[in-house]
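All ligand and atom numbering here is 1-based and tracks the order in the structure. All of these numbers come straight from a predicted model, not from anything done at the bench. Positions are given from 1 along the sequence.
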Amino acid sequence: MHTEVIVVAAGSGSRMGSDIKKQYLPLAGAPILIRTLQALAACSAVDRMVLVVSEDDREYVHTLCREHDIAKIGAIVAGGRERQDSVRQGLAALDGQTELVAVHDAARPLVTAEEVEQVLAAARAGGAATLGVPLKDTIKRVEGTRVQETLPRSELFAVHTPQAFHRSILEAAHQRSFLAGGSSTDDASLVEAAGVSVQMVEGRYTNLKITTPDDLVIAEALWKAKGEHVR
Ligand code: CTP
Ligand code: MG
C-alpha cells in the first residue's frame with residue numbers, strides 16, 4: 001500500500017514558552033522538526049511525507065529540509081488554527097495513489113523506525129492503529145481539588161503518534177468531525193467516534209512529545225543514550 005505520513009508542525013508551542021517555536025529548537029544540534037523527519041524518512045515503509053507548517057514558516061522549512069537533505073518530502077502546506085485543522089490540510093495534499101496514512105507530531109523526534117513500521121503494519125492489516133504506552137502513574141479524576149475517582153491503571157494507555165489509518169477511514173472521520181464542528185487533538189478518537197475499532201500498538205516510553213522545557217532536557221539525555229536500549 002502506498003504510504004504517506006502527515007507531519008503536523010503548525011503549532012505555536014505556547015507551553016514551551018520560548019521565543020523560537022519548539023519544533024525549531026535544537027535537539028542534538030539539529031531542529032526538532034528535522035530530527036523527526038530524519039526518523040520518518042529512515043523508515044522503508046514510508047513512501048512520501050506531507051509537512052504541515054505555519055504559512056509564514058513554509059519558506060524557512062523548505063530551506064531547512066534542503067540544508068539537511070531530507071528525503072521523501074512531497075509537499076509543504078500551511079496548517080490551521082487547531083491541530084485537527086492542520087491534519088485536514090495535510091489530508092488535502094496527499095498523493096492520489098496513497099492508501100495508508102500516518103499522522104505524526106513534529107514534536108516527537110525520538111520515534112524509532114521500528115515503532116513507525118509496527119503501527120503502519122497494524123493499520124495496514126486492521127484499518128486503524130495508534131502507538132501508546134501503558135501508564136506508569138495511577139490516574140485520578142479530580143474536580144477542583146477533590147478526587148472523584150481512581151481509574152483502573154491496568155486498562156489505561158498514554159497515546160502517542162504516529163497513528164495510522166486506511167486513507168478512506170481517516171478522511172471519512174475528519175469529514176464527519178468537520179461537519180459536526182468538533183475538535184480533537186487525537187485522530188484516533190475521531191475514528192473511534194465514527195465506529196471504527198483502533199488497535200493499540202505498544203511503543204516505547206522514549207517517544208515523548210516535547211511540550212515543556214523539561215521535556216527538552218529529557219530528550220537530549222535520551223538522544224545521548226540512543227542505541228543503549230533505553231525503553
Ligand atoms: N499542531 C499543528 N497545528 C496546530 C496545533 C498543533 O500542526 N494548530 C502540531 C504541533 O506543531 C505539534 C503537534 O501538533 O507538532 C502536537 O501539538 P502540541 O504538542 O500541542 O504543540 P503546540 O500546539 O505547538 O503546543 P502548545 O499546545 O503548547 O501551544
Ligand atoms: Mg497544542
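- Between Val52 and ligand 1, no N or O atom pair is found at a separation short of 3.5 Å.
- The environment of Glu67 atom CD is dense: over 12 non-hydrogen atoms of other residues, nucleotides or ligands sit within 6.0 angstrom.
- Nearest non-hydrogen protein atom to atom 9 (C) of ligand 1 is Val8 O, 3.6 Å.
- For Lys209, every heavy-atom contact with ligand 1 shorter than 4.0 Å involves the side chain, none the backbone.
- Using a cut-off of 4.0 Å between Lys/Arg side-chain N and Asp/Glu carboxylate O, Lys21 and Asp57 are scored as salt-bridged.
- Scanning all protein heavy atoms for the shortest distance to atom 11 (O) of ligand 1 gives Gly11 N, 2.9 Å.
- Legend: ring-ring contact (aromatic ring centres under 6.0 Å, His included) pairs involving residues 166-188, not counting sequence neighbours: none detected.
- The distance from ligand 1 to the heavy atoms of Arg81 drops below 4.0 Å at these ligand atoms: 8 (N).
- Look at Glu149 and Arg141 and you find a salt bridge, because one of the NZ, NE, NH1 or NH2 atoms lies within 4.0 Å of a carboxylate O, short of that distance.
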Would you sort out whether Glu115 and Thr112 count as a side chain to side chain donor-acceptor pair (under 3.5 Å), showing the intermediate values?
CA-CA 5 Å; Glu115 285 172 305; Thr112 63; 3.2 Å; yes

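- The ring-ring contact (aromatic ring centres under 6.0 Å, His included) analysis of residues 44-64, with sequence neighbours excluded, yields the pairs Tyr24-Tyr60.
- Each of the following atoms of ligand 1 lies closer than 4.0 Å to a heavy atom of Ser86: 2 (C), 3 (N), 4 (C), 7 (O), 8 (N).
- In summary, the atoms of ligand 1 found under 4.0 Å from a heavy atom of Glu82, numbered by their order in the structure, are 4 (C), 8 (N).
- With Asp105, Thr211, Ile32 as candidates, the residue nearest to atom 16 (C) of ligand 1 on a non-hydrogen basis is Asp105.
- In this structure, Leu27 and Glu220 have side chains that are in contact, with non-hydrogen atoms separated by less than 4.5 Å.
- Only the side chain of Lys22 comes within 4.0 Å of ligand 1, counting heavy atoms alone; its backbone N, CA, C and O stay farther away.
- In this structure, the protein non-hydrogen atom closest to atom 7 (O) of ligand 1 is Ala10 N, 2.8 Å.
- Electrostatic pairing of Asp105 and Arg83 counts as a salt bridge here, judged by a charged N lying under 4.0 Å from a carboxylate O.
- For Gly13, the heavy-atom gap to ligand 1 drops under 4.0 angstrom.
- When each atom of ligand 1 is checked for a heavy atom of Ser12 under 4.0 Å away, the hits are 24 (O), 29 (O).
- Electrostatic pairing of Arg204 and Glu202 does not count as a salt bridge here, judged by no charged N lying under 4.0 Å from a carboxylate O.
- Near Ala107, the atoms of ligand 1 lying under 4.0 angstrom from a non-hydrogen atom of the residue are 15 (O).
- Residue Ala106 has at least one heavy-atom neighbour below 4.0 Å for each of these atoms of ligand 1: 15 (O).
- Looking from atom 20 (O) of ligand 1 to the surrounding protein, the closest heavy atom is Arg15 NH2, 2.9 Å.
- Pairing each heavy atom of Leu25 with each of Leu216, the nearest pair is CD1-CD1, 3.8 Å.
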